[in-house]
Amino acid sequence: MSWRARREGISGKPGPRHMGSVMNAERRNLISQGLLLAFGLIGPFLFPHYIQQITLLWIMVLFALTWDAMGGQMGYNSLGNIFFFGAGMYICAVTQIMVAGYDVGEYTSAFGAIHVDISDGQYFAGLFLGLAVAAVGCVFLAIILGRIFFGLRGPYFAIGTLGIALAAGELIGAWDWVGGGSGISLPLYPAEADFFPGSGDDESMFFYTLALIAAVATFLFYQWLYSTRFGLAVNAIRDDEEKAEGMGIHTLRYKTVAWASSAFFMAIAGGIHGNIIHFIEPLEVAFPTVTFGIFMVAMALLGGKGTLWGPVIGAILFHVIKEVTWTHLLGWQWIALGMIIIVNVVFFQQGILGWMKERWPEAFGVTVEGAPAQGSETGGGSN
Amino acid sequence: MSGKKLIEVNGVSKSYGGVVANSNISLDVEDGKITGLIGPNGSGKTTLFNSIVGYHPIDEGSIKFEGEEISKLRVQQIARRGLLRTFQQTRIYGKMNCVDNMLISIPHRKHGFFDMFGTNGKADRDKAEHLLEFVGLYSKRYLPSGDLSFGQQKLLEFAMALMNEPKVLLLDEPTAGINPTLINGLIDRLKRANTDFGITLLVIEHNMRVIMNMADKVYCLAHGEMLSSGSPDVVQNDQRVIDAYLGAH
Ligand SMILES: Nc1ncnc2c1ncn2[C@@H]1O[C@H](COP(=O)(O)OP(=O)(O)OP(=O)(O)O)[C@@H](O)[C@H]1O
Ligand SMILES: [Mg+2]
C-alpha cells in the first residue's frame, strides 16, 4: 500500500474548529459528571427522607444505560433485558442462603419462618459473593441466549426477548426449590452494622452506596467502551448489519459482548434491589416486564438513544416525574407517564440530546470545512 | 501469458425459486488485473457477485479464491480473506460520520477478541483522512454520511473498501449515479486503486465507455448465461453481445 507516500498537502489532524468543539464536549462531559457525582454524594444528606427514591434513581440510570448499549448503540431493541435483573436477583438470593449455611429447598419451603442466624461477616460475604455470582452467571446466560436470539432482527428480536422475560417469570413461579410463586425472604441486614455512624438508617445508606457505585461503574464502563473500536462497531451494526458483515466485522462477537455487559450490570442491580426489598417473588419484584422492563426503554428514548448521556438524562427526568406524580397526582400517575412517552415518540423521537444535536450540530462536532458550519448562519436570528 | 488466477468461478448456477439467475457460469479474475462484467438488466451480474462473496449458497459449481474453495464459507470469513464487494444500492453507515465509517472499515483479518477494545491509532486516522481526500470527501469528513448525496455516498463506500486493504474488490456499478463530468475522475481513481494500491478489480458496469477504457478482460452475461468473453474490443464487437443489448431495450 502506498497511500502513505502520497499524502502531500493533507493535514492529518482534525481542523481547528472541530478540535474546539471536541474540547468543549469533553469539558461539558466532565462538568456534568462532577455535578452528578456531587449530587450522588450529598443527595442523601440533603434529602434524607427521599433516600429510597434516590437509590431507585441510580438503579434507573443503570437500567437506561444498559438498555441503550443494546437498543440505542447497536439497534437491537431488547424488551427482555429485565430478565437479567430477575435472574441476577434470584442467583444472588440463592447464593446468600447457601453462604448462610442453609439448604435452599428447606429454607424456601419454610416461607420465611426460618430466622436466619448469621454473623455480620457471613451476611456481607454472602451479599458480595451473591452479587458476583449473579453478574458472572448472567454473563453466561447472555452468551447462551445470544447464540439463539441474535439470529432474529427488528421486531422479532424485541418480541423474542420479551418472551424470555415473561417465560422466566412463569418458570420461576413454578419452581418450588426457589420458593415458586410465594418467593424468598432474604437474610436481614445486621442490626449492629454501623458503616455510616449517625445516619440513623445504616441499611438504607449502605444500599444507597451500592446503587450509586453500580450506576457510576456502569457509566464509566460504557464511557470507556464507546471510546474504543467497540463503539464504532456496534454503531455500524445498528446502521447496516449486512454491510458490517460484508466488511468482515466480527458481528456476533460484538453483539455478544454488548448483551453480556448489559446482563452483568443488570444482574448486580437485581441483586441490590432484591436486598432492598427483602422479599423477592417472580412477577412483581424480579421480572417486572411492564414497569421497569418498559421504563428502561422509555427513559433511553426520552433522553436520546444512542448517546452516553441521553439515557442518564432520560432516567433522571423520567424518575423525578414518576415520583412526583406518584405522590401528588395519585391515580393519574400512569396517565402522566403515558403522556411523556407519547409526546416523546410523536414529537421528538430523537430525544432530548438528539434534539440538541440537531439544534446545535457544531457543538457536537458536526462540521464542514471551507463552508460556514451548519447552524452558525441561522443561529443568530429569531429562533 | 496468463498470470495467477485469484478468483476461479466454475460451473456456478443459482436460481431464485423458478428464476434461473445464473446458469453454469465460469469466470476467472487474474491477479493484478481489472476484469469487467457486463450484461443487460436482470442478466444475473449482481447474483454472481452475491455468490462469490457468500451472500447466499450456490446451487451448483465451485468458487475458488487463491486456489481455495470458498463457496461454503460465510460472508465475514470471505471478507476477512481479502475479498470485498461494494453494493449496487450503496451501503454505508448512515448515522456515523465519514471518518468513523472509515475507521471501522480497517481490515478485521487478524483481529483477536481483545482487538474489540482497541483504539484506532494515528496511522489509521491518517490513512482514513488520506483516503477521504483521495475520493474528494475530506472537507465533509465530520458530516453524518447519511447526509451526503448519493454519488458522494458511492465514493465513500469505495474509500471504505480501500481502507479494508482487500486483495480483490468487486464493484457493482461504481459509476451509476455519478455526474458524467466526474466519471473521468472516478475512472482515474479506480485505475489508481489497481495500480498504486495493487488491488485486483472485478467491475460490473453498464457504461461501455468506462469498461472499455479500464478493463483488461470483459465477460458478458445475458439471461443468466455467459454469452461472450475476451478483450474489450472482441466483446464489444461480438454480434451476440450487440444483439443482447439491443434486444434488451
Ligand atoms: N433475491 C432475489 N429473489 C428473487 N429473484 C431475484 C433475487 N435477486 C435477483 N433476482 C432475479 O434474478 C435475476 C438476475 O438479477 P440480478 O440482480 O443478478 O441482475 P443484474 O444483472 O445485476 O441486473 P441489473 O443490471 O439491473 O443490476 C433477475 O431476474 C432478478 O429478478
Ligand atoms: Mg445488479
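Please read all numbers here as calculations on a predicted model, not as lab measurements.
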Between atom [atom1] of [X] and atom [atom2] of [Y], what is the distance when rounded to the nearest 0.5 Å?
X: His250(A); Y: Gln77(B); atom1: NE2; atom2: CD; value: 9.0 Å
X: Ile104(B); Y: Asn235(A); atom1: CD1; atom2: CG; value: 9.0 Å
X: His108(B); Y: Thr251(A); atom1: NE2; atom2: OG1; value: 10.5 Å
X: Leu232(A); Y: Leu103(B); atom1: CG; atom2: CG; value: 6.0 Å

Do [X] side-chain atoms and [Y] backbone N/O form a donor-acceptor pair below 3.5 Å?
X: Asp240(A); Y: Arg91(B); answer: no
X: Arg109(B); Y: Gly248(A); answer: no
X: Asn164(B); Y: Met247(A); answer: yes

Any side-chain heavy-atom pair from [X] and [Y] closer than 4.5 angstrom?
X: Phe113(B); Y: Val257(A); answer: yes
X: Gln76(B); Y: Ile249(A); answer: no
X: Arg229(A); Y: Asn120(B); answer: yes

Is atom [atom1] of [X] surrounded by more than 12 heavy atoms (other residues, nucleotides or ligands) closer than 6.0 Å?
X: Phe150(B); atom1: CZ; result: yes
X: Lys357(A); atom1: NZ; result: no
X: Phe347(A); atom1: CZ; result: no

Legend entry - For chain B, which residues of residues 298-312 of chain A have heavy atoms nearer than 4.5 angstrom: none

Inset, instruction - Classify the ring geometry between Phe117(B) and Phe230(A) as parallel (under 30°), tilted (30 to 60°) or perpendicular (over 60°). - result: parallel

Inset, instruction - Go through the atoms of Leu225(A) and report whether side chain, backbone, both or neither lie under 4.5 Å from a heavy atom of chain B. - result: side chain

Which atoms of [X] approach chain A - backbone, side chain, both or neither, heavy atom under 4.5 Å:
X: Met163(B); result: neither
X: Asp115(B); result: both
X: Ala128(B); result: neither
X: Tyr55(B); result: side chain
X: Val75(B); result: both

Inset, instruction - Look at Gly118(B), Pro107(B), Gly146(B), Pro144(B) and state which one has the largest set of heavy-atom pairs under 4.5 Å with chain A. - result: Gly118(B)

Legend entry - Partner residues of Ile7(B) under the side-chain contact (heavy atoms from CB on, under 4.5 Å) criterion, sequence neighbours left out: Val9(B), Val29(B), Ile52(B), Phe65(B), Leu83(B), Val168(B), Leu170(B)

Inset, instruction - Indicate yes or no: does Arg74(B) engage Glu245(A) in a salt bridge with an N to O separation below 4.0 Å. - result: no

